[in-house]
Amino acid sequence: MLKSIPILPVKNLLSSITFYEARLGFHLQEEIEDYALIQNKEAFLYLKKADREYRTKCVFYLENIDLFFKDKGCIDYWKTLGKLHLSSEGRLVFSMVDLDGNQLKLVEVSK
């Protein structure tokens, strides 16, 4: 296997693409029917328009979570979306949900 790409169910494809571009720095790579492939460096996601409500979880690993937040705006704004905490393993973790209730975690890892 070379890689895996999670598929997250969404109600509105355009709104979700905008959310992931604005909040997490993804860029649209391809949109076909009810799917969109988005990318941020080596991280890929499929967003799939779903009529039923599903909730999933997705974890993103970052080398420096501080730099991520500097690029994406004021930490006070991010506090309205989720919380930053130290995991039991000593890693910084930011947990939040997207527009459709999918749980997203940003986890800082050692270089």
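- Every residue two or more places apart in sequence or in another chain that forms a side chain to side chain contact (heavy atoms under 4.5 Å, CB included) with E30 is listed here: I32, L37.
- Under the salt bridge (Lys or Arg N to Asp or Glu O under 4.0 Å) criterion, K49 pairs with D51, not counting sequence neighbours.
- L47 and I5 are not part of a single hydrophobic cluster, where members link through side-chain heavy atoms under 4.5 Å apart.
- Residues passing the ring-ring contact (aromatic ring centres under 6.0 Å, His included) test with F60, sequence neighbours excluded: F26.
- Partners of D100 by side-chain hydrogen bond (donor to acceptor under 3.5 Å, both in side chains), not counting sequence neighbours, listed by chain and number: S16.
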I would like to know whether L104 and L24 meet side-chain contact (heavy atoms from CB on, under 4.5 Å); could you show each step before the answer?
CA-CA 10 Å; L104 309 174; L24 296 174; 3.9 Å; yes
Run the side-chain contact (heavy atoms from CB on, under 4.5 Å) test on L86 and L92 for me, step by step, so that the C-alpha distance in whole Å, both residues' side-chain angles and the decisive distance to 0.1 Å come before the verdict.
CA-CA 5 Å; L86 196 59; L92 282 175; 4.2 Å; yes
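- With sequence neighbours excluded, the residues that form a side-chain hydrogen bond (donor to acceptor under 3.5 Å, both in side chains) with S87 are E89.
- Summarising the geometry of E33 relative to L13, their closest heavy-atom pair is O-CD2, 4.1 Å, with the distance given to 0.1 Å.
- If you chain together hydrophobic residues whose side chains sit under 4.5 Å apart, V93 and V109 fall into the same group.
- Nearest approach of E108 to E63, heavy atoms of both residues: CG-O, 3.6 Å.
- Note on Y20 and F44: separate hydrophobic clusters, where clusters join Ile, Leu, Val, Met, Phe, Trp and Tyr whose side-chain heavy atoms are under 4.5 Å apart, directly or indirectly.
- Residues that satisfy the side-chain hydrogen bond (donor to acceptor under 3.5 Å, both in side chains) test with K48, not counting sequence neighbours, are D34.
- Checked options L28, I38, N40; the residue passing with E21 is L28 (criterion: side chain to side chain contact (heavy atoms under 4.5 Å, CB included)).
- Listed by chain and residue number, S15, F19 satisfy the side chain to side chain contact (heavy atoms under 4.5 Å, CB included) test with L99 (two or more places apart in sequence, or in another chain).
- From E31, atom CD reaches atom CG of L14 across 7.5 Å, with rounding to the nearest 0.5 Å.
- Shown here are the salt bridge (Lys or Arg N to Asp or Glu O under 4.0 Å) partners of K57, two or more places apart in sequence or in another chain: there are none.
- Within 6.0 Å of atom OH in Y46, 12 or fewer heavy atoms from other residues, nucleotides or ligands are found, so the atom counts as exposed in its surroundings.
- Taken from CG in L8 to SG in C58, the straight-line distance is 5.5 Å, to the nearest 0.5 Å.
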Verdict with supporting geometry, Y61 and R91, side-chain contact (heavy atoms from CB on, under 4.5 Å):
CA-CA 11 Å; Y61 293 96; R91 295 179 176 177; 4.0 Å; yes
